[in-house]
Chemist: 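To start, I am sharing the structure in question, which I have written as structure tokens.
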Amino acid sequence: MSIAKTYSPKETEDKWYKYWLEKEFFRSIPDEREPYTIVIPPPNVTGVLHMGHMLNNTIQDVLIRRARMQGKNACWVPGTDHASIATEAKVVAMLKEQGIDKKELSREAFLSYAYEWKDKYGGIILKQLEKLGASCDWHRTRFTMEADLSEAVIDTFIHLYKKGLIYRGVRMVNWDPQGKTAVSDEEVIRREVNQKLYYIRYEIKADSGELKAEEKVKGIQLAQDRQSPSVATSGYLTVATTRPETIMADAAICINPNDERYQHLKGKKVFIPLINREIPVIEDEYVDVEFGTGCLKVTPAHDLNDYALGVKHNLPVIDILNNDGTLNELAVILVGEDRFIARKKVAKMLEEVGHLEKVEDYKSQIGFSERTDAAIEPRLSLQWFCKMDEMAKPALEYVLTGEIKLIPEKFINTYRHWMENVKDWCISRQLWWGQQIPAWYFQHEAPVIAKTKAEALEELINRDENRRKMSENGKAGFRKQASEFIRQDEDVLDTWFSSWLWPMSVFDGFKDPNNADINYYYPTNDLVTAPEILFFWVARMIMAGHEFKGQAPFKNVYLTGIVRDKIGRKMSKSLGNSPDPIQLIEKYGADGVRVGMLLCSPAGNDLMFDESYCEQGRNFANKIWNAFRLVNGWEIDQSLPNPNEMAINWFESEFSRALADIESNYKQYRLSEALMGIYKLVWDDYCSWYLEMVKPAYQQPVDPATHAATLNFFERILKLLHPFMPFITEELWHEEVFGPRGEMDCCIVAEYPAPGTVDQQSLKAMEIVKQVISEVRNVRNSKQISPKEALPLQIKANSSTDFKAYLPMIGKLANISEFGFTEEKVPGAAVFMTGTDEFFIPLADNIDVDAERDRLQKEIEYLKGFLRSVEAKLSNERFVQNAKAEVVDNERRKQEDACSKIRILEESLEALA
RNA sequence: GGGAGAUUAGCUCAGCUGGUUCAGAGCAUCUGCCUUACAAGCAGAGGGUCACUGGUUCGAACCCAGUAUCUCCCA
């Protein structure tokens, strides 16, 4: 039966994925085996697969498949995240297209649209993961907003509230004017932006007579124009700001009390230009004398630092912005204008009245919303917060003590720095898509925290003495009445407030804290995620794990790199530099893409992705395919003896040696190195050497022993490859030549090979054989002799190496017609050496004597230089005294070696003359 | 502004405790081959002052200090 010359993945991938599903190989149920568990970092429910997911999930699948083959009960839990801001933004945009404004919808109506959207697009990404070959236990698919998981979120909120770890307060938050919601610090991305620095003049109120002449000289420039009406002034001060539109919200001007230039301003008042509101000059060492003019406008409502300054100096907070970033009535002027338009207009107005001194270009860091990319507005608002410092401490310990390992370790520092400087977590979001905060408001009373309205009503009764004293009838009346007026908090919780429970909630660890699943699978083993969410998510899962389970949620955290394009840019939709993973799979096959991803991705380093890696992966699959075609085509002759014992023994050792390496790389989570180890084992050792050694001559049969050994090696190789290349390995596994397979006898659950013993002798011998073969091929190449032309080879064995045993192998691979042993140099032959042994290939055409002399001389020169450096070391007393004995011995051996080689080469040179 | 890390072949990266694993791998390049498993291939070859400057040491890609450049995190 002939097989196609190239491997075509499409046909096999669907077939085997379906088969695996049918036979429930991905299914995991607790049993007596050791569990191996990974919970997927849940992708956004409405998202589509991008290269980051690709990398991430390939790694998880490699780990899970290997564990499964090692006989562990491997459980990979998939699922999706409701991603409140991102999803809500998409739904709002979709509605807008249909001409529907979110503001006109009720919460219920909006949510029904949102669920409709989720049902339509949700889960696409999980289907895409199947294409990649992800062996998730799909029976366990969870969603962070499904009923059970939401209940867990609400319960933990209540739990933490009761513990005093959740509070409500007015704080500066990062406001996203586009999403119209607060976002956490971690969701703000800072970017350097070209801005303008506006120098604005504030007139100083003349309340203490004329200024002294010396003060004028010192720094105050007298106002040159007097267009501001109303009040008498005595000059002005200048403030530098990037945000002129916020001057209407100014509460003070601050100077550094040590600033020599501004001593005269102490206790003065100034007027805000355009609106002429009077504000005081205050003093604080916070002000940087070097920056701008040294006068700082203090705008507590619109800047975090100013807010702190305002609190310290008891300044009023004047918030002039609406939640969509437009100016409100408090701004007095430009009401209703967008903040950025207002900025330009204010600048122009200031210029018109002569209050704009100058404008400079200026670079500064501005925060942008991760989800909507809108410029973040620091804004004072009433939000819910979760206290972090208490929870951070144990979470830090897990990592510092090594109970949780971060891979690579360099992230420990980053982690520690963050955990030691942790700030409270703003957990409320002004959105509807998410878990609604279980806080209930009744009239002007403090909010009640309760799971349901009914419970909230009971709490209202219980916490008030008068209500408690009411008769049952009275209570019933109260309940009835209050239920009309009681209102639940409109906000929902931050998405991360549900994802931090993920490793527990997917096993129903909250709903049913002692169930078989959570007891068996938790703590999970490895978490594979991006370093970007080390704090968002990983740190908080550790906190939650400790808080709610008293245990770390996982043992190892593998932090992948960011997928960039080959010139180092982050892959993004807007740049259009991100290939569609599904198209890549179609082009190169899932196995090819998986290999391609991992070839270029050392742990923790960003990877410069290029399609050519996938090509390499595809080529590798094809190589395996063709190796199979070769072996598959062999006819067996039962009567033949085994001529390949040496080759078989060698590969047996080589396999074990390579496997030990591969295992050590796996242990260190160096997956790309493990893969490269397998790649070389397959391509170089198995295909290029082993198969070439044992393959019978064209159309000749093979002996049964060689056939069996070769197939056995092949099977073991398929097993090693399977975690990386699940499809092609499964396909080949079921080929007839391997014998009959039961329906459950699949590569996916085949027993992972263990390293055997390594015969160092055999490895060493083969090194010499390989060297001789390469040298002969090299001679052919440089002399332009066809590989088809058989050559004679004369051996002058100066060492104790017994070449006789190797001759058949050398003869076959180097195409040698006849061997001879000689005591003398063979004149007029091509020469090479391995170690101190000399080899001669007598050639029909005479060799170029001059070229040969040059070559020999060069080699002698090199060796002499080498010898000099060795001898320099050996004659250095301090070296001989201080260096380790083995190092010194080594140098002695090098010396002897070099000497004898030089001698032989010099003899050759003489023979030429 | 503070912190972390990086700089090794054209590219992507290994290089552990300083010494034959010491200058390596894969890809790319070049040369020759359509050799009956594979041209998505085979055989062979050429590529590097280990960012720079000093220091420690018998000995430095590796340890130390400084400089330059880059990346990331935090303000």
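These numbers come from a predicted model, not from an experiment. Below, chain A is the first sequence line, B the second, and so on; all start at residue 1.
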Chemist: Under 4.0 Å between a Lys/Arg side-chain N and an Asp/Glu carboxylate O for A:Asp284 and A:Lys312?
Modeler: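 Yes, charged N to carboxylate O under 4.0 Å.
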Chemist: Can you confirm whether or not the ring centre of A:Phe411 sits under 6.0 Å from the ring centre of A:Tyr415?
Modeler: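 No.
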Chemist: Both A:Pro787 and A:Asn413 contact RNA chain B. Taking the nearest nucleotide for each, which residue is further toward the 5' end?
Modeler: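 The answer here is A:Asn413.
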Chemist: Could you measure between the two C1' atoms, the one in B:A14 and the one in B:G26, and give it in whole Å?
Modeler: 10 Å
Chemist: Checking all strands, does A:Ser612 fall into the base, sugar-phosphate, or nothing category for heavy-atom contacts under 4.0 angstrom?
Modeler: nothing
Chemist: How does protein contact run along nucleotides 55-64 of chain B, one letter per nucleotide 5' to 3', with B for base contact, S for sugar-phosphate only, - for none, heavy atoms under 4.0 Å?
Modeler: ---B------
Chemist: Holding to ring-ring contact (aromatic ring centres under 6.0 Å, His included), I want the full list of residues that pass it with A:Tyr679, two or more places apart in sequence or in another chain.
Modeler: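 For A:Tyr679 the ring-ring contact (aromatic ring centres under 6.0 Å, His included) partners, ignoring immediate neighbours, are A:Phe620, A:Trp683.
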Chemist: Looking across every strand, which nucleic acid part, if any, lies under 4.0 Å from A:Ser782 by heavy atom: base, sugar-phosphate, or nothing?
Modeler: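 If one applies the 4.0 Å heavy-atom cut-off, A:Ser782 turns out to touch nothing in the nucleic acid.
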Chemist: Salt bridge check: are A:Arg629 and A:Glu735 linked by an N-O gap of less than 4.0 Å?
Modeler: no
Chemist: Please list each protein N or O that sits under 3.5 Å from an N or O in nucleotides 71-73 of chain B, with the distance.
Modeler:
none

Chemist: Counting only heavy atoms and a strict 4.0 angstrom limit, can you tell me which residues of residues 618-631 of chain A come near RNA chain B?
Modeler: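 A:Arg618, A:Asn619, A:Asn622, A:Lys623, A:Asn626, A:Ala627, A:Arg629, A:Leu630, in order of number.
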Chemist: So if I take residues 677-686 of chain A and measure heavy-atom distances to RNA chain B, which residues fall below 4.0 Å?
Modeler: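 Contacts with RNA chain B under 4.0 Å: A:Tyr679, A:Lys680, A:Trp683.
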Chemist: Could you tell me which non-hydrogen atom of A:Phe839 sits nearest to which non-hydrogen atom of A:Val772, and how far apart they are?
Modeler: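 So the minimum-distance heavy-atom pair works out to CZ-CG2, 3.7 Å.
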Chemist: Any side-chain N or O of A:Ser672 under 4.0 Å from OP1/OP2 of B:C13?
Modeler: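 Checking B:C13 against A:Ser672, no side-chain N or O comes under 4.0 Å of OP1 or OP2.
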Chemist: Between A:Tyr613 and A:Lys695, just flag the one whose closest nucleotide in RNA chain B comes earlier from the 5' side.
Modeler: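 Nearest-nucleotide comparison on RNA chain B picks A:Tyr613.
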Chemist: State whether A:Lys783 places a side-chain N or O below 4.0 Å from either non-bridging phosphate oxygen (OP1 or OP2) of B:G32.
Modeler: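 Result: no.
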Chemist: Should the pair A:Arg780-A:Glu789 be classified as a salt bridge under the 4.0 Å nitrogen-to-oxygen rule?
Modeler: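 Between A:Glu789 and A:Arg780 there is no salt bridge, as every charged N stays at least 4.0 Å from the carboxylate O atoms.
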Chemist: Between A:Ser774 and B:G44, does any side-chain N or O lie under 4.0 Å from OP1 or OP2?
Modeler: yes
Chemist: Compare side-chain N and O positions of A:Lys423 against OP1 and OP2 of B:A75 and report whether any pair is under 4.0 Å apart.
Modeler: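 Indeed, a polar side-chain atom of A:Lys423 lies that close.
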Chemist: Between B:G26, B:A37, B:U35, spot the one nearest the side chain of A:Met676, thanks.
Modeler: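 Selected nucleotide (nearest to the side chain): B:G26.
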Chemist: Apply the side-chain hydrogen bond (donor to acceptor under 3.5 Å, both in side chains) test between A:Glu891 and each candidate in A:Arg893, A:Lys894, A:Gln895; give the one that qualifies.
Modeler: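 Only one of A:Arg893, A:Lys894, A:Gln895 forms a side-chain hydrogen bond (donor to acceptor under 3.5 Å, both in side chains) with A:Glu891, namely A:Lys894.
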Chemist: Between the base of B:A37 and the side chain of A:Glu692, is there a donor and acceptor pair under 3.5 angstrom?
Modeler: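 Result: at least one qualifying N/O pair found.
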Chemist: Using the purine O4'-C1'-N9-C4 or pyrimidine O4'-C1'-N1-C2 torsion, is B:U31 syn (within 90° of 0) or anti?
Modeler: anti
Chemist: Do the side chain of A:Lys894 and the base of B:U20 come within less than 3.5 angstrom through a donor-acceptor pair of N or O atoms?
Modeler: yes
Chemist: Salt bridge between A:Glu692 and A:Lys695, side-chain N to carboxylate O under 4.0 Å?
Modeler: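 Salt bridge present between A:Glu692 and A:Lys695.
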Chemist: Within 45° of the axis and under 6.0 Å from the centre of the six-membered ring of A:Phe655, does NZ or CZ of A:Arg716 qualify?
Modeler: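 Satisfied, under 6.0 Å and within 45°.
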Chemist: If the condition is salt bridge (Lys or Arg N to Asp or Glu O under 4.0 Å), which residues does A:Arg657 pass it with, not counting sequence neighbours?
Modeler: A:Glu654, A:Asp661
Chemist: Could you tell me whether the phosphate oxygens of B:U31, OP1 or OP2, come under 4.0 Å of any side-chain nitrogen or oxygen in A:Arg777?
Modeler: no
